Amino acid sequence: MAELRTAALVGNPNAGKSALFNALTGARQKIANYPGVTVERKAGRLTLPSGEAIELTDLPGSYGLNATSPDEEVTRRVILGELPGEPAPQVLVVVLDASNLEQHLVFAQEVIALGRPTVVALNMVDLAERDGLVIDPAALADALGVPVIPTVAVRRRGLDELAAAIAVAEDRPAEHHRPHTTLTERRLTAHAIAEGAIVSETARHRMHAKLDRLFLHPWLGPLILFALLFVVFQAVFSWATPFADALEGGIGALSDLARAHLPEGLPRDLLTEGVLAGVGSVVVFLPQIVILFFFILAMEASGYMARAAFLMDRLMAGVGLSGRSFIPLLSSFACAIPGIMATRSITDSKDRLTTILIAPLMTCSARLPVYAVIIAAFIPNRAVLPGVGLQGLVLLGLYVFGIVAAMLVALVLRRSVTKGAASGFIMELPKYQMPRLGDLALGLWQRAWVFLRRAGTIIFIVTVALWILLNFPRAGEGENQVDASIAGKIANGLAVVVEPIGFNRDIALSLIPAMAAREVAVSSLATSYAVGADDEEEQAAELGERLKADWSLPTALAFLAWFVFAPQCMSTIAVTRRETNGWKWPIVMLLYLFGLAYVFAGLTYWGAVALGL
Ligand SMILES: Nc1nc2c(ncn2[C@@H]2O[C@H](COP(=O)(O)OP(=O)(O)OP(=O)(O)O)[C@@H](O)[C@H]2O)c(=O)[nH]1
Ligand SMILES: [Mg+2]
């Protein structure tokens, strides 16, 4: 039997090569809507209209003939006939995604320039049409010098025409010699060809392309991302103030009401010192939580977040993480628990473990009340520049500090315990969309509800328990209640350990209940101050005022540094145990986070003292 003629499908990742291969040969290669699905070559048989059969190869997607990843190397070696005993395919079928024409034309030029018999399958024309993009195949064929066949692989449209074109492709006269081009030249040419072949383009499509050029620009992109984050953290402080003040006023009024109408005694104290002072001190941060999530949800819904992930990919790769870690880490800004669960989508086990271990360093929303109360009390509310508040700047700084620490830890882990190579970035950039107000409102409501439910359940329970431990045994004459109480005694013991890093007894007292939920650090401070207050006036003083009076600035800064690192949340440890099937990694996590928290709080304290703050 005579040898079969051969042809191969080449093109960018996610162009629909495998879908075409399946449609043409009846095979069932895996196809999926993200780049990098096919990593090996696969062959099948295609029957031409003449009845002749040819051997068709499906290749991994590639961005260029000089590319270095192992799957792209397969493609290059097959196309160039570098595999021993395997001559180069006689016909090259370049598959283009019509809705991404300009991008896909960059590699196509390289393949066509090889001067071999070539046919272009202009695939996904249905998606292009949906976007209002009309492409003239004849104009494209003229520009490229090879036949162009519009196809829709998943609807089997254009398959016969493609087969016919493959059949006659060999008859194409030998390609005139093309000069070797650089990547930049190919990009410019791709732009010009795409512009010439696109007959109509809706204003929307053009705007989306423009937005991507801006948001993904090598240096403008990161700059815009940073500016955006900057605005977010400014807003968290400046927009929230009136609402937070109103809430605070309301809670104060309730407290006054209770004092005026309830008989003096422990039940009244439980209500005012435990519930209203303690839980209330956390609830006042609801406006800030809502504002933060408003921005996060809007960035997600608009499609911008995926661009941010794309920009961050380079940074992540630099510390040995893949872009796949971005989404789990991003979720950890809400809470590390869903973040750690989201790491299940990371296929590489060491990638995944590294991501789990650094997830608690992303500033979860439970830390916002802690940061906000300290910042409001100790950082002067003044503008560094017009419109740039110092408080928002410090808050942004704390978030950035957490991220930088996470990246450094990842770097260290990747060189030691989770040694290995990072896998590539896999993420589709979704279309831009105006966030729908209904969806936004629903998302915000869910976040607010989660926060309030925590305040009503876990924070409430822990605060009441602490209040009880603070009130018994009762103090004798002239003795301070906190000093006399069980909680006070425990705190005195713990204070010895945390004194070297500048923490006082009040802080020691708040650290243990805060293991249940970080916000409890705030409610426990408020409760212990209320219990320890000498008179009603002192009791009614706002938490911030009390902190300002009792703490030095170095202590406050050390407290902030502690919360950047401290694994102050039992649920995170529990979920880590479940996701890593054992106690080894949660214990590693606990130790390294406590260690870093201790060291950095100490450095901050002594640094601030040395600076005379
Ligand atoms: N609407 C539409 N979707 C398509 C078409 N062709 C392929 N797809 C879809 O596009 C996605 C990518 O298709 P694949 O065949 O896996 O792409 P590929 O070029 O093999 O990708 P790699 O193997 O990663 O290089 C899949 O979700 C397909 O279902 C088309 O003509 N129209
Ligand atoms: Mg494929």
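One-based numbering, in listed order, for ligands and for the atoms of each. Owing to the predicted nature of the structure, the values given are computational and were not obtained by experimental measurement.
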Practice item. Given side-chain contact (heavy atoms from CB on, under 4.5 Å), test T6 with V91 step by step and report yes or no. Key: CA-CA 7 Å; T6 55; V91 181; over 6 Å; no
I want to know if ligand 1 touches T151 in the polar sense, i.e. an N/O pair below 3.5 angstrom.
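No; the residue has no nitrogen or oxygen that sits under 3.5 Å from a nitrogen or oxygen of the ligand.
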Is it the case that ligand 1 has an N or O less than 3.5 angstrom from some N or O of M124? yes
*Compute the shortest N/O to N/O distance between V125 and ligand 1 and return yes if it is under 3.5 Å, no if not.*
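No - when backbone and side-chain N and O of V125 are compared with those of ligand 1, no distance drops under 3.5 Å.
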message = Geometry only, no angles: is G61 polar-contacting ligand 1 at N/O separations under 3.5 Å?
response = yes
Atoms of ligand 1 under 4.0 Å from any heavy atom of A153, numbered from 1 in the order shown, are 6 (N), 30 (C), 31 (O)
Next item on the list: With R577 as the cation and W583 as the aromatic partner, state whether NZ or CZ is under 6.0 Å from the six-membered ring centre and within 45° of the axis.
Entry: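 Yes, R577 lies over the aromatic ring of W583.
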Exercise. Got a salt bridge between E110 and R186, using NZ or NE/NH1/NH2 to carboxylate O under 4.0 Å?
Worked result: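 Salt bridge present between E110 and R186.
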Quiz item: Which class fits the ring pair Y399 and F333: parallel under 30°, tilted 30 to 60°, perpendicular over 60°?
Solution: parallel
ask   = Do D97 and K17 sit within salt-bridge range, that is, some charged N less than 4.0 Å from a carboxylate O?
value = no
Requested in this report: May I ask which of V10, V154, L59, L9 has a heavy atom nearer to atom 4 (C) of ligand 1 than the others do?
Outcome: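 That would be V154.
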How about F293 and F451: are their ring centres within less than 6.0 Å of each other?
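No, ring centres 6.0 Å or more apart.
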Check: Sub-3.5 Å donor-acceptor pair from the side chain of T151 to the main-chain atoms of L159, do we have one?
Finding: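 No; zero donor-acceptor contacts below 3.5 Å.
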Within the 4.0 Å heavy-atom cut-off, what N14 brings close to ligand 1 is both
Quick look: V152 vs ligand 1, heavy-atom contacts under 4.0 Å, and the answer is both
Return a yes/no value for G16: is any of its N or O atoms, backbone included, closer than 3.5 angstrom to an N or O of ligand 1?
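Yes, G16 has an N/O under 3.5 Å of an N/O on ligand 1.
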Subject >> 4.5 Å side-chain heavy-atom contact, I356 and E579 >> reply: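 I356 vs E579: side chains touch.
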- Message: Are any of the N/O atoms on D58, whether in the backbone or the side chain, positioned under 3.5 angstrom from an N/O atom of ligand 1?
- Response: no
Can you list the ligand 1 atoms lying under 4.0 Å from a non-hydrogen atom of L127?
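Once the distances to L127 are compared, the set is 1 (N).
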